[in-house]
Amino acid sequence: MSHIAKGANSCVPSVALRVAVRHETRRGAPLVEAAALLLDANGRARGEADVVFQGRPVHPSAAVRAVRWAETASDA
């Protein structure tokens, strides 16, 4: 398993991939927000629709989707 430091970015292969983000729920622990950028062949996002996050959880192509733990707990 790879770990990414706070504020860091990471490239991933263009194959099926599941990423889990975990954080501590103790008082004073920072909030966690994850996002995915879909990039074109030139390494650029084409626009807002290429950003997937909690507020826009599914890319128009359905290639990427963000789900909450409660939605995936039965998959564990």
Side-chain angles (χ1 to χ4, degrees):
M1 179 187 323
S2 297
H3 294 273
I4 302 172
K6 178 181 175 182
N9 297 310
S10 180
C11 294
V12 295
S14 58
V15 296
L17 181 70
R18 177 180 281 191
V19 176
V21 177
R22 296 178 186 212
H23 66 93
E24 294 183 34
T25 55
R26 64 179 165 76
R27 180 179 294 196
L31 296 176
V32 174
E33 186 172 323
L37 294 172
L38 277 78
L39 306 177
D40 65 15
N42 296 317
R44 298 178 185 266
R46 294 167 294 194
E48 269 187 30
D50 283 346
V51 182
V52 177
F53 62 102
Q54 185 177 348
R56 189 180 314 116
V58 181
H59 187 265
S61 71
V64 174
R65 64 187 172 104
V67 295
R68 296 171 45 95
W69 171 252
E71 297 173 36
T72 62
S74 63
D75 294 343

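The figures here come from the full heavy-atom set of this structure, side chains too, leaving out hydrogens, waters and symmetry mates.
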| said: For P60 versus A49, what's the shortest heavy-atom pair and its separation? | reply: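 Answer, listing the atom of P60 first, then A49: CD-O, 3.6 Å.
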| message | Restricting to non-hydrogen atoms, name the atom on F53 and the atom on A34 that form the minimum distance, rounded to 0.1 Å. | response |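 Looking at all heavy atoms of both residues, the closest pair is CB-O, 3.9 Å.
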| So, R56 side chain and E48 main chain: donor-acceptor pair closer than 3.5 Å or not? |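 Judged by distance alone, yes, a pair lies under 3.5 Å.
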| Does R44 come within less than 4.0 Å of D40, counting only side-chain N to carboxylate O? |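 Salt bridge: no.
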| request: May I ask you to test the V58-V52 pair for a side-chain heavy-atom distance under 4.5 Å? | output: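 Heavy-atom side-chain distance check fails, nothing below 4.5 Å.
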| request: Working to the nearest 0.5 Å, report the span between CG of L39 and CG of D50. | output: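 Atom-to-atom, L39:CG and D50:CG are 7.5 Å apart.
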